[in-house]
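Scroll down for the structure; my scribbles are underneath it.
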Amino acid sequence: MKHNTKSTTPSMNEWRNVIPALTPWGKNRVKPEETVKHALIMPGIGYTVDRPLLYWASQALAAEGWYVDRLALTLTEDVEFPEMISCMERVIDVWKAKSVARATVAAHHAPADDATDNAQDSADPAASGDSQDHSFSSDCADSAVSVDTAPKLLVVTKSLSTLSFPHAAREGLHVALLTPVLNPPPFDVHKSVIPAPLPGAEHAPKPLICAGTADPYFDEAKAHLLTERVCTYPDANHSIEVPGDWARSIDYLKDVTGRIVEYSRTI
């Protein structure tokens, strides 16, 4: 199945030192107007969306029926963190608006009986493995149908792009934070970090956090101020890899990918 892979990019005049390119994942299994599930994959500095953590996140989400868009950033030597963060926040806004519009089309064309069946299955103790007694009214069915067809939006971020989390949280988005920047990089004169706890985010969806214990930009105590979903990987660096130990690195990659899929199913 061929899909549109044309890049969608905010105005090029907004930033002097960063050029964003938002492109559909070439291996999407659904068209954008065929699903309410839309994911955005965002890179780090030097850690592109084709690197292992983000590549396999794209693969796994596409296999789960998500429509995946991926962001590439072209940076000049003069770029500074505030400009990159501003750019990424704008990309999130553009992506969210387009994805909500596409999901709305998908929901409009979704068969009503399929949605009702999904709602009834979720309320069936035998189907869910729950032996407790549950009642199921028509009001519950209507509510479940509306939830089933509501847009489901997920942003997967890595390192640099995790700094867009405060904005994404304010927008009510679910976010996976891979190696979040909770301690400032020494090369950033602005000392950019994710505030922990995040002010004004009491009602925002809680993120998923995955990071290595040997990552200098990670702080587990601060991570737990943001969410209870914190997965740490002993001896892993800022790429969630253990230098010199390929077997553990691959195990960690598989676990992170599984955690992202698990998190996506909660949306």
Side-chain angles (χ1 to χ4, degrees), residues 3 8 20 22-44 47 49-72 88-107 110 147-180 194 198 201 203-211 223 226-231 240 253 255-267:
H3 305 302
T8 302
L22 188 59
T23 307
W25 174 228
K27 299 180 181 180
N28 278 321
R29 302 187 183 190
V30 293
K31 295 180 180 178
E33 291 82 13
E34 293 176 342
T35 180
V36 298
K37 301 193 295 184
H38 290 257
L40 172 61
I41 311 295
M42 302 180 72
Y47 200 99
V49 291
D50 287 317
R51 295 288 297 275
L53 292 169
L54 300 180
Y55 174 86
W56 286 107
S58 299
Q59 285 277 26
L61 290 170
E64 289 277 311
W66 290 76
Y67 185 82
V68 177
D69 286 300
R70 306 196 305 163
L71 174 66
M88 292 184 295
E89 290 176 349
R90 174 64 175 144
V91 167
I92 287 173
D93 291 342
V94 170
W95 171 82
K96 179 186 176 183
K98 177 165 288 190
S99 297
V100 168
R102 289 168 162 176
T104 301
V105 173
V147 169
D148 188 69
T149 57
K152 299 178 186 293
L153 305 182
L154 170 64
V155 182
V156 179
T157 62
K158 170 72 175 78
S159 188
L160 166 70
S161 56
T162 66
L163 293 169
S164 67
F165 169 64
H167 179 75
R170 289 192 295 270
E171 291 296 313
L173 296 171
H174 287 79
V175 183
L177 301 171
L178 308 183
T179 68
I194 301 171
L198 186 63
H203 303 293
K206 296 298 182 182
L208 166 69
I209 291 179
C210 297
L226 296 173
T227 181
E228 68 280 1
R229 293 189 176 98
V230 178
C231 306
I240 313 188
L253 172 61
D255 189 80
V256 171
T257 305
R259 301 281 184 173
I260 294 170
V261 169
E262 182 183 75
Y263 179 61
S264 75
R265 292 173 179 169
T266 69
I267 302 174

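All heavy atoms count here, side chains included; hydrogens, waters and symmetry mates do not.
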Inter-residue atom distance [X].[atom1] - [Y].[atom2], 0.5 Å rounding:
X: E89; Y: L163; atom1: CD; atom2: CG; result: 9.5 Å
X: R90; Y: H167; atom1: CZ; atom2: NE2; result: 9.5 Å
X: T35; Y: N28; atom1: OG1; atom2: CG; result: 9.5 Å
X: T179; Y: K158; atom1: OG1; atom2: NZ; result: 3.0 Å
X: K37; Y: R265; atom1: NZ; atom2: CZ; result: 8.5 Å
X: Y47; Y: S161; atom1: OH; atom2: OG; result: 11.0 Å

For R259, what residues pass the salt bridge (Lys or Arg N to Asp or Glu O under 4.0 Å) criterion, not counting sequence neighbours?
D255
Within a strict 4.5 Å, meaning less than it, do heavy atoms of the [X] and [Y] side chains meet?
X: L40; Y: L154; result: no
X: T227; Y: L208; result: no
X: L71; Y: P43; result: yes
X: K96; Y: V155; result: no
X: W25; Y: V49; result: no
X: F165; Y: P180; result: no
X: I209; Y: T162; result: no
X: L160; Y: M88; result: yes

Minimum heavy-atom separation for [X] to [Y], with atom names?
X: I92; Y: S164; answer: CD1-OG, 3.6 Å
X: S99; Y: L153; answer: CB-CD2, 3.8 Å
X: A62; Y: R29; answer: O-CD, 3.8 Å
X: V91; Y: P20; answer: CG2-CB, 3.8 Å
X: W95; Y: D69; answer: NE1-OD2, 3.3 Å
X: P32; Y: Y67; answer: CD-CE1, 3.4 Å

Determine, step by step, whether I260 and L53 satisfy the side chain to side chain contact (heavy atoms under 4.5 Å, CB included) criterion, reporting the C-alpha distance in whole Å, the side-chain angles of both residues, the deciding distance to 0.1 Å, and the verdict.
CA-CA 10 Å; I260 294 170; L53 292 169; over 6 Å; no
Would the distance check show the side chain of K152 and the main-chain N or O of I267 forming a donor-acceptor pair, the cut-off being under 3.5 Å?
yes
I'd like to know if the side chain of H38 reaches the main chain of V100, judged simply by a donor and an acceptor atom lying under 3.5 Å from each other, with no hydrogens or angles considered.
no
